2 protein chains.
Amino acid sequence: MSPAQEQAARTLLETASLRRTRPRLLVLQSLLQASYPVTQEQIAEQLGDKSPNKVTIYRTLEALCTAGVVHKAFLQDRTWHFEPAHNCSEHQCHPHFTCIACGQTTCLMDMQVPAVKSTHNGYTIHRQRMQLEGLCPNCSC
Amino acid sequence: MSPAQEQAARTLLETASLRRTRPRLLVLQSLLQASYPVTQEQIAEQLGDKSPNKVTIYRTLEALCTAGVVHKAFLQDRTWHFEPAHNCSEHQCHPHFTCIACGQTTCLMDMQVPAVKSTHNGYTIHRQRMQLEGLCPNCSC
DNA sequence: AGTCTATTCGCAACTTAGTTGCAAATAAAA
DNA sequence: TTTTATTTGCAACTAAGTTGCGAATAGACT
Ligand SMILES: [Mn+2]
Ligand SMILES: [Mn+2]
Ligand SMILES: [Zn+2]
Ligand SMILES: [Zn+2]
């Protein structure tokens with residue numbers, strides 16, 4: 001973990017008005033250095049010996065989500081995958097692509113998805129999530 | 001359950017090359033008469049005394065999904081919601097809207113969502129799911 | 001109609017992501 | 001340094017979905 005990321009984690013906690021605790025700094029750094037959304041288990045694995053307790057990771061993720069610093073990106077195999085919210089706008093997150101062959105999920109930051117109107121027949125739309133399935137470049141062969 | 005729906009259920013089973021058993025007919029009829037995606041538990045509840053065993057409902061839904069007659073519409077609260085596939089195209093399902101106030105989910109059959117291209121930077125896209133969150137007409141007040 | 005067999009069903013036991021209650025530890029304010 | 005509200009870790013729990021296996025049955029064949 002780079003010093004820059006450690007600093008970023010501290011700043012995010014301050015932004016969120018959350019106490020600067022060891023578990024929170026570790027979880028945030030783990031999220032920041034990942035290049036795709038990760039699960040509680042992946043975070044724990046990545047942190048190894050230093051990892052906080054499972055319950056603490058979940059509670060930290062929940063607090064960060066409530067503060068808007070982290071998003072629940074998608075639910076896959078009944079498991080939530082989390083990512084920093086810094087690349088998403090308020091209403092529209094980038095699409096996520098899951099390969100049905102290798103299981104790998106990718107953030108399609110460069111794909112243009114037209115945002116739906118914020119209202120539709122009386123519905124007020126706060127958030128839009130796009131989930132794509134198919135074959136990744138590797139598995140398309 | 002109308003006789004028409006009973007007939008529709010029989011036809012769908014035939015289409016899917018699945019044996020016409022009591023549990024399968026019941027599950028299919030329950031799906032057909034629902035106006036939104038439903039869970040295993042909702043199906044069991046709706047069928048009441050006549051409901052097949054929980055495991056049988058899951059296995060039936062799985063078989064119907066494999067046959068393409070039913071779709072897993074979305075995962076909510078770690079629970080799959082199923083619906084007949086008859087209103088979806090091969091690649092694009094209609095968007096689903098969940099109200100964050102009352103929890104109700106609606107199929108937005110009339111919303112135009114531009115289908116993403118079937119390829120993107122080497123990714124081959126087979127299926128696209130759009131999930132919307134916000135306030136339903138009732139709760140927008 | 002009766003027989004046969006591959007398929008399907010029901011039950012009990014299991015798996016696992018996520019949650020809850022509570023006592024011990026600690027961040028940060030005083 | 002002291003104090004206290006907040007946070008953490010542990011153990012036990014919850015609940016959707018799965019698995020193994022013996023019993024039941026759809027549908028083919030006589
Ligand atoms: Mn992403
Ligand atoms: Mn639908
Ligand atoms: Zn792949
Ligand atoms: Zn509502």
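The basis for the numbers below is simple: all heavy atoms, side chains too, and nothing from hydrogens, waters or symmetry mates. Source: prediction; values computed, not measured. Residue numbers start from 1 in every chain, and the chains themselves are labelled A, B, ... in the order their sequence lines are given, proteins ahead of strands.
Rounded to an integer number of Å, the gap from L26(A) CG to dT8(D) C1' is 13 Å. The interatomic distance linking Q40(B) (CD) with dA15(D) (P) rounds to 14 Å, in whole Å. One can place CG of D77(A) at 13 Å from C1' of dT18(D), the figure rounded to the nearest angstrom. Note: CD1 (I43(A)) to P (dA17(C)) measures 14 Å, nearest angstrom. Between the CD atom of Q76(B) and the C1' atom of dA16(D) there is a distance of 14 Å, given to the nearest Å. Remark: C1' of dA11(D) and OH of Y58(A) are 16 Å apart, rounded to the nearest angstrom.
Nearer to the 5' terminus of DNA chain D, by closest-nucleotide assignment, is the contact made by K72(B) (compared with the other of R22(B) and K72(B)). Of the residues near DNA chain C, K54(B) and T21(B), the one whose nearest nucleotide (by heavy atom distance) lies more toward the 5' end is T21(B). If P52(A) and T79(B) are placed on DNA chain D by their nearest nucleotide, the residue sitting closer to the 5' end is P52(A). The residue among R24(B) and R78(B) whose nearest nucleotide of DNA chain C lies closer to the 5′ end is R24(B).
Rounding to the nearest 0.5 Å gives a distance of 5.0 Å between CD of E6(B) and CD of Q29(B).
The shortest distance between the side-chain N/O atoms of N53(B) and the OP1/OP2 oxygens of dC11(C) is below 4.0 Å.
In this structure, of dT20(C), dA5(D), dT8(C), it is dA5(D) that holds the atom nearest to the side chain of R19(A).
For the residue pair T79(A)/T39(A), the side-chain donor-acceptor check at 3.5 Å is not satisfied.
Remark: the R59(B) side chain and the dG17(D) base include no donor-acceptor N/O pair separated by less than 3.5 Å.
Remark: H81(B) engages no residue in a side chain to side chain donor-acceptor pair (under 3.5 Å) (not counting sequence neighbours).
The pair E83(A)-K72(A) fails the salt-bridge criterion, with no side-chain N (NZ, NE, NH1 or NH2) lying under 4.0 Å from an Asp/Glu carboxylate O.
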